[in-house]
Amino acid sequence: MTSEPNSPGGLAGVVAARTALSRIDGETGRLWYRGYDIHSLAASSSFTEVLYLLWYGELPTRVELIAFEGLLAGKRELPETVHAILHELPSDTVPMAALRTAVSAMGCVDPDSESNERAANLGKATRLVAQLPTAVAAQYRIRQGRTPIGPDSELSHAANFLYMLTGERPGATAERALDTSLVLYLEHGLNASTFACRIVASTLSDMHSAVTAGIGALKGPLHGGANQRAMEMLLEIEDEAAAEAWIDQALADGRKVMGFGHRVYRTEDPRATHLRRMSEDLAEDRGDSRVHDMARRVEETMLDRKGIPCNVDFYCATVYDSLGLPLDLYTPLFAIGRVGGWAGHVMEQHEDNRLIRPRAEFVGAVDRHYVRLEDRR
Ligand code: COA
């Protein structure tokens with residue numbers, strides 16, 4: 001940690017860990033996972049392929065990929081304890097809170113829960129990536145009084161999630177769109193949730209504790225919660241013609257427009273470039289571009305009024321809307337992608353650990369005179 005007292009608020013610009021997983025150039029709007037440009041990965045690789053790259057450092061051969069996909073697909077079933085806990089939760093439990101609880105419970109029954117060895121961590125990481133979608137889909141159906149649908153090991157990671165939600169096997173377009181969004185969500189340096197994971201891991205606590213903290217951080221509207229909030233905003237605006245006035249009013253009220261701005265990018269978030277294109281393609285496929293057009297108008301207005309570009313969450317919202325996904329599953333889907341990155345960072349932290357423990361700049365009172373309870377007025 002290189003911060004000094006009087007460091008910028010929110011640790012902006014502070015280098016707090018070393019990573020070989022991803023690199024972000026905020027000035028030019030570029031992002032690489034393990035040295036590969038995000039544009040190549042998003043265009044041509046599947047989520048499981050990129051996950052393999054992240055954890056093992058190299059893109060898999062076809063044989064390696066098939067084995068890895070088989071491994072993940074075989075671990076999708078939730079432990080019975082986790083199922084039981086999901087059934088016990090109040091039916092109005094928000095999905096991110098349920099997911100946080102489910103992951104914590106997974107840690108209670110994981111055979112390797114207390115080991116931070118590389119092999120144990122890889123096993124836990126595999127189970128987490130495989131089971132997060134099952135937990136999200138199961139809680140979604142339980143909340144609606146419906147029976148959860150078990151995973152289908154023949155389906156891809158993305159297709160299986162959609163199947164567990166609805167019981168229907170998705171078409172290739174929906175499968176590909178969801179899979180690409182997961183590639184784009186997979187990893188992003190020392191964002192707030194990943195930092196939370198690394199802080200927990202740096203105490204030599206375990207993978208599930210770290211990921212539970214990560215989910216807690218991701219839940220907030222300034223981080224992962226922004227994709228759901230962005231869609232809620234578009235639903236409120238309702239119509240492209242109302243977009244400019246709505247944004248002007250929001251800015252005049254001093255409100256943050258969700259899905260815009262970024263701590264690191266000074267130009268367009270390269271992930272947004274893909275999601276905008278996907279949003280446009282899906283709108284064209286559906287023959288209904290009203291939401292996409294409204295989003296474009298919001299984007300143009302934000303650029304015009306504030307010069308602030310959109311981030312990953314903005315067009316992810318319209319993509320998920322096109323896929324007919326429930327609003328409150330947008331942020332859990334972010335977690336379903338990002339858990340691969342969290343796990344990668346926990347492993348990096350455990351492999352070269354030093355306790356993360358910054359200092360606070362003290363701004364309170366000093367040397368106050370102590371008065372015993374019986375003498376206080
Ligand atoms: N809407 C309106 N104004 C915004 C804005 C947004 N989404 N994002 C930043 N700004 C403005 C701030 O009001 C501030 O203006 P000021 O200097 O006149 O006060 C300036 O830009 C700097 O913003 P700040 O919040 O200090 O930047 P940050 O680096 O601390 O925050 C975010 C980054 C992501 C938290 C912030 O952009 C935000 O809240 N965005 C909306 C939530 C979101 O989409 N989050 C997902 C991020 S991937």
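Just so you know, residue 1 is the first one in the sequence shown, and it goes up from there. Counting convention: from 1, in listed order, for ligands and their atoms alike.
- At least one cation-pi condition fails for Arg338 and Tyr185: the charged atom is not both under 6.0 angstrom from the six-membered ring centre and inside a 45 degree cone around its axis.
- The shortest heavy-atom contact between Ser279 and His292 is OG-ND1, 2.6 Å.
- With respect to Arg198 and Glu348, a salt bridge is recorded, a charged nitrogen being found less than 4.0 Å from a carboxylate O.
- Under a 4.0 angstrom heavy-atom cut-off, Met302 registers as being in contact with ligand 1.
- Summarising the contacts of atom 34 (C) of ligand 1 with Gly261, Gly254, Pro221, the nearest heavy atom is found in Gly261.
- A salt bridge links Asp179 with Arg176: at least one charged nitrogen is closer than 4.0 Å to a carboxylate oxygen.
- For atom 14 (C) of ligand 1, the nearest protein heavy atom lies 4.0 Å or farther away.
- Between Glu240 and Arg297, at least one side-chain N (NZ, or NE/NH1/NH2) sits under 4.0 Å from a carboxylate O, which counts as a salt bridge.
- For atom 7 (N) of ligand 1, the nearest protein heavy atom lies under 4.0 Å away.
- Considering backbone and side-chain N/O atoms, Arg255 never comes within less than 3.5 Å of an N/O atom of ligand 1.
- Counting only heavy atoms, the protein never gets under 4.0 Å from atom 20 (C) of ligand 1.
- An N or O contact shorter than 3.5 Å links Lys256 to ligand 1 by distance.
- Heavy-atom proximity to His262, at under 4.0 Å, picks out these atoms of ligand 1: 37 (O), 48 (S).
- Close contacts of ligand 1 with Leu222, meaning ligand atoms under 4.0 Å from a residue heavy atom, involve 39 (O), 45 (N), 46 (C), 47 (C).
- Within 6.0 Å of CD on Glu351 lie more than 12 heavy atoms contributed by other residues, nucleotides or ligands.
- Between Asn227, Asn191, Asp269, Ile308, it is Ile308 that holds the heavy atom closest to atom 9 (C) of ligand 1.
- Counting only non-hydrogen atoms, the option in Leu251, Val264, Asn311, Val312 that gets closest to atom 47 (C) of ligand 1 is Asn311.
- Of the polar atoms of Val257, at least one N or O is found under 3.5 Å from an N or O of ligand 1, judged by distance alone.
- Among protein heavy atoms, the minimum distance from atom 42 (C) of ligand 1 is reached at Met258 SD, 3.6 Å.
- Close approach to His223 involves these atoms of ligand 1, each under 4.0 Å from a residue heavy atom: 46 (C).
- By the 6.0 Å and 45° rule, Arg255 stacks over the aromatic ring of Trp246.
- You'll find the side chain of Asp328 reaches within 4.5 Å of the side chain of Arg143, heavy atoms only.
- The distance from ligand 1 to the heavy atoms of Asp313 drops below 4.0 Å at these ligand atoms: 46 (C), 48 (S).
- A salt bridge does not link Asp152 with Arg76: every distance from a Lys NZ or Arg NE/NH1/NH2 to an Asp or Glu carboxylate oxygen is 4.0 Å or more.
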Given Glu58 and Glu64, is the side chain to side chain contact (heavy atoms under 4.5 Å, CB included) satisfied, shown in steps?
CA-CA 11 Å; Glu58 299 295 337; Glu64 287 166 339; over 6 Å; no
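- For the ligand labelled ligand 1, residue Gly259 lies inside the 4.0 Å heavy-atom shell.
- Atom 23 (O) of ligand 1 is not flagged as protein-proximal [any protein heavy atom, distance under 4.0 Å].
- Of the protein's heavy atoms, at least one falls inside 4.0 Å of atom 28 (P) of ligand 1.
- For atom 31 (O) of ligand 1, the nearest protein heavy atom is 4.0 Å or more away.
- Within 4.0 Å of atom 40 (N) of ligand 1, at least one protein heavy atom is present.
- The backbone N or O of His350 lies less than 3.5 Å from no partner atom in the side chain of Asn116, so there is not a single donor-acceptor pair.
- Heavy-atom proximity to Arg263, at under 4.0 Å, picks out these atoms of ligand 1: 28 (P), 29 (O), 30 (O), 33 (C).
- Heavy-atom minimum distance, Pro270 versus Ile38: CB-CG2, 4.1 Å.
- For atom 37 (O) of ligand 1, the nearest protein heavy atom is under 4.0 Å away.
- Taking the six-membered ring where tryptophan is involved, the planes of Phe68 and Tyr52 are perpendicular, since the angle between them exceeds 60° and thus also 30°.
- The atoms of ligand 1 that sit less than 4.0 Å from any heavy atom of Ala226 are 43 (C), 44 (O), 45 (N), 46 (C).
- Residues Arg276 and Glu299 are paired through a salt bridge, judged by an N-O separation under 4.0 Å between the basic side chain and the carboxylate.
- Lys306 NZ, 4.4 Å is the protein heavy atom nearest to atom 18 (O) of ligand 1.
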